[in-house]
Amino acid sequence: MARQRFYFSRQLCCLSIILLLALQFLSVYAEPFAHEPTPSFLDISNRTVPDYVTRYAPLVWLHSDDPFRPSDLLEHIRHTTPKVNQEPLSDLPDLDLSNLALLNNISHGLVALSSNDNVTALPAWLLGELPDASGRIVNATPCVVILVEQSPRDIDAFFFYFYSYDRGANLTQVLEPLNGFIEDTEHGMHFGDHVGDWEHNMIRFRDGKPNGIYYSQHLGGAAYDWNHTALSLKDGRPFVFSAYGSHANYVSSGEHVHDTVLLDYCDAGQLWDPTLSAYYYHLDPDSFTLTSLHSSTPTLPSTPAITSFFYFTGIWGDAQYPDDHPLQRTVPYTGLKRFVSGPQGPIMKQLVRKGLFPDEPERNSWVQWAAGVFMSWYPCCLRGWRKWVFIITIILCVGVMAFGVRHAVNRYRKKGYQKIESEFPLDDLEYSDDEVLRRTEAGQR
């Protein structure tokens with residue numbers, strides 16, 4: 001009996017060892033393959049842009065009729081004057097990409113790079129440059145690529161596109177029925193125009209493979225997983241359609257509604273490869289230090305060691321013209337302006353994000369909010385015969401609410417106070433002096 005117990009214990013022990021080894025084996029092979037920590041490309045001696053960044057970089061379709069093309073950053077600065085509250089700043093050196101950030105400390109107000117020319121005359125520098133047949137813009141550098149290392153395995157690649165002018169919408173781009181409320185007093189005037197325009201895509205990489213992409217669009221944007229059916233790719237590179245005038249980025253051609261009531265137009269006009277005319281940088285997310293990188297393509301010019309323009313926190317265009325400015329106009333009933341302020345640069349675009357979208361989206365104005373509410377009610381409640389049904393229903397609801405409030409107030413008054421009709425004889429409340437003295441003495445006893 002003792003021998004049987006010994007053999008049983010030994011078999012149980014062996015079985016336990018086998019199970020333990022099996023569990024360890026499964027735990028090792030069930031986990032994802034352990035990746036070796038990838039060193040930062042700043043540690044590489046030549047600080048080269050990883051080739052997967054350009055291999056999966058966006059290809060931009062410029063609209064065939066858009067006169068405002070990608071623009072050179074330095075050329076833009078040379079045709080502007082720094083101003084605060086419409087007044088030029090004095091005693092400044094010649095500004096370029098290497099010293100632009102000095103404007104941050106020269107005034108308490110927001111500095112605006114204001115056009116030296118009448119923008120309605122459309123000087124040549126506002127129009128930018130067209131790419132050649134290969135998609136390269138030879139005479140300008142309108143793209144800035146910034147790589148942000150979220151971790152050794154995760155990298156966000158931002159592709160910023162710069163245009164010297166943004167043309168806003170006009171009456172033909174306003175959806176029904178709001179287009180009927182706007183008077184075309186200026187015969188096709190565009191509103192929301194501004195000097196300077198920054199747009200961007202962001203691609204998130206994991207171990208050198210793209211996971212998703214973000215498209216900037218006015219105050220917001222759109223994001224897609226890399227395997228989303230809406231994405232169209234060429235040799236692994238996603239297409240981006242730049243909208244006419246506004247340069248908002250979309251995933252496809254055609255008409256796109258933005259801000260609820262406005263249309264953007266996109267088509268496959270001229271193909272631009274931003275990577276062929278770009279500055280490349282690495283941004284440390286903790287210290288916000290920007291470092292120049294070199295392109296992996298030896299035929300392309302290397303990025304100069306200039307970073308000051310990135311740290312400029314002012315706006316890359318004129319500040320909104322006052323109402324008495326000769327070029328300013330106001331759209332009737334809406335308060336929308338023909339010319340608004342230019343945008344701030346890449347440093348203000350939330351380069352450190354948790355997801356593909358910016359963590360703090362920009363807020364809509366009250367006009368945009370009201371237009372959104374109206375357009376959401378329009379199909380179901382404010383169109384045709386539905387409008388009168390809706391109005392009558394609102395009137396009835398308001399009447400019922402008013403009657404209910406009045407009824408409740410009356411009930412509250414009746415419960416809280418009731419008028420007594422009978423009156424007390426005044427004689428019963430009057431006492432003689434002797435009687436008052438007698439009652440006082442009685443009370444003291």
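The main-chain N or O of P358 is never found under 3.5 Å from a side-chain atom of Q350 such that the two would form a donor-acceptor pair. The backbone N or O of V261 lies less than 3.5 Å from no partner atom in the side chain of D259, so there is not a single donor-acceptor pair. With hydrogens and angles ignored, the 3.5 Å screen pairs a side-chain donor or acceptor of Q270 with a backbone N or O of P131. Using modelled atom types, no side-chain atom of R47 and backbone atom of L293 make a donor-acceptor pair closer than 3.5 Å. The backbone N or O of E75 sits less than 3.5 Å from a side-chain atom of D72, completing a donor-acceptor pair. In this structure, Q344 contributes its side chain and T313 its backbone to a donor-acceptor pair below 3.5 Å. When atom types are taken as modelled, the side chain of Q173 and the backbone of L263 share a donor-acceptor pair closer than 3.5 angstrom. Checked by atom type and distance alone, the side chain of D267 pairs as donor or acceptor with a backbone atom of S64 at under 3.5 Å. At least one donor-acceptor pair under 3.5 Å links the side chain of H325 to the backbone N or O of L327. Put simply, the side chain of N104 gets close to the backbone of Y311: a donor and an acceptor are under 3.5 Å apart.
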>> Quick one, I146 with F160, criterion side chain to side chain contact (heavy atoms under 4.5 Å, CB included). Give me CA distance, side-chain angles, the key distance, then yes/no.
In response: CA-CA 8 Å; I146 301 177; F160 283 97; 4.1 Å; yes
> Going through the checks in order, is the side chain to side chain contact (heavy atoms under 4.5 Å, CB included) test met by R69 and E129?
Replying inline: CA-CA 5 Å; R69 307 298 186 174; E129 300 287 342; 5.6 Å; no
> Should S308 and N99 be marked as a side chain to side chain donor-acceptor pair (under 3.5 Å) after you check the CA-CA gap, both sets of side-chain angles, and the distance that decides it?
Replying inline: CA-CA 5 Å; S308 181; N99 63 355; 5.8 Å; no
>> Could you go through H256 and C266, starting from their C-alpha distance and side-chain angles, then the distance that decides it, and tell me whether this counts as side chain to side chain contact (heavy atoms under 4.5 Å, CB included)?
In response: CA-CA 8 Å; H256 298 274; C266 299; 3.9 Å; yes
>> Evaluate Y165 against L127 for side chain to side chain contact (heavy atoms under 4.5 Å, CB included), listing each step before the verdict.
In response: CA-CA 7 Å; Y165 194 74; L127 305 180; over 6 Å; no
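Here the NZ atom belonging to K349 is positioned 9.5 Å from the CH2 atom belonging to W198, to the nearest 0.5 angstrom. Rounding to the nearest 0.5 Å gives a distance of 4.0 Å between CD1 of I306 and CG of L97. Considering CD1 of I106 and CG of D91, their distance stands at 8.0 Å, rounded to 0.5 Å. The line from OG1 of T172 to CG of N170 is 3.5 Å long, rounded to the nearest 0.5 Å. Here L95 contributes atom CG and L102 contributes atom CG; the two are 6.0 Å apart, rounded to the nearest 0.5 Å. Taking CH2 from W226 and CG from N211, the interatomic distance works out to 9.5 Å, rounded to the nearest 0.5 Å.
By the 4.5 Å heavy-atom criterion applied to side chains, N116 and W125 are not counted as neighbours. F158 is listed as a side-chain neighbour of V148, based on a closest heavy-atom distance under 4.5 Å. Using a 4.5 Å cut-off on side-chain heavy atoms (C-beta onward), L147 and P50 make contact. Counting heavy atoms from C-beta on, the side chains of M189 and V331 come closer than 4.5 Å. Residues H194 and S341 form no side-chain contact, since every pair of their non-hydrogen atoms from C-beta on lies 4.5 Å or further apart. By the 4.5 Å heavy-atom criterion applied to side chains, L113 and L103 are counted as neighbours. Here the side chains of T141 and L73 are not in contact, with every heavy-atom distance at 4.5 Å or above. When side chains are defined from C-beta on, K83 does not count as touching L89, because their heavy atoms never get closer than 4.5 Å.
Remark: R78 engages no residue in a salt bridge (charged side-chain N to carboxylate O under 4.0 Å, His left out) (not counting sequence neighbours). Applying the salt bridge (charged side-chain N to carboxylate O under 4.0 Å, His left out) test to D65 and every residue at least two apart in sequence or in another chain returns nothing.
A ring-centre distance under 6.0 Å is not found for Y215 and Y250. In this structure, the ring of Y52 has its center less than 6.0 angstrom from the ring center of F205. Residues Y265 and H63 keep their aromatic ring centres 6.0 Å or farther apart. Between W272 and Y161, the ring centre distance stays below 6.0 Å.
At a cut-off of 3.5 Å, with distance as the only test, a side-chain donor of D197 or H247 sits close to an acceptor on the other residue. Counted by atom type alone, D273 and T275 present one or more donor-acceptor pairs between their side chains at under 3.5 Å. Donor-acceptor pairing under 3.5 Å is recorded for the side chains of E199 and S216. In this model, a donor atom of one side chain and an acceptor atom of the other lie less than 3.5 Å apart for H76 and S164. D264 and S246 are linked by a side-chain donor-acceptor pair at a separation below 3.5 angstrom, with hydrogens and angles left out of the test.
Salt bridge D132/R136: absent, no basic N to carboxylate O contact under 4.0 Å. Electrostatic pairing of R353 and D359 does not count as a salt bridge here, judged by no charged N lying under 4.0 Å from a carboxylate O. Ion pair R206/D154 flagged as a salt bridge, since at least one NZ, NE, NH1 or NH2 atom sits closer than 4.0 Å to an Asp/Glu carboxylate oxygen. Ion pairing between a basic and an acidic side chain is recognised when a charged N comes within 4.0 Å of a carboxylate O; D156 and R204 show such pairing.
Under the salt bridge (Lys or Arg N to Asp or Glu O under 4.0 Å) criterion, the residue pairs touching residues 316-339 are E186-R329, D323-K337, with sequence neighbours excluded.
In this structure, S71 and A140 approach most closely via the heavy-atom pair C-CB, 4.5 Å. The shortest heavy-atom contact between V251 and A230 is CG2-O, 3.5 Å. Closest approach of I137 to S277, counting heavy atoms only: O-CB, 3.4 Å. Considering every non-hydrogen atom in both Y281 and F309, the closest pair reads OH-CE2, 3.4 Å. D166 and G196 get closest at one heavy-atom pair: CB-O, 4.4 Å. The nearest pair of heavy atoms linking Q320 to F339 is CG-O, 3.2 Å.
For N118, the CG atom sits in a packed shell: over 12 heavy atoms of surrounding residues, nucleotides or ligands are nearer than 6.0 Å.
H200 pairs in a ring pair (Phe, Tyr, Trp, His ring centres under 6.0 Å) with only one of the listed residues (F162, Y163, Y214), which is Y214.
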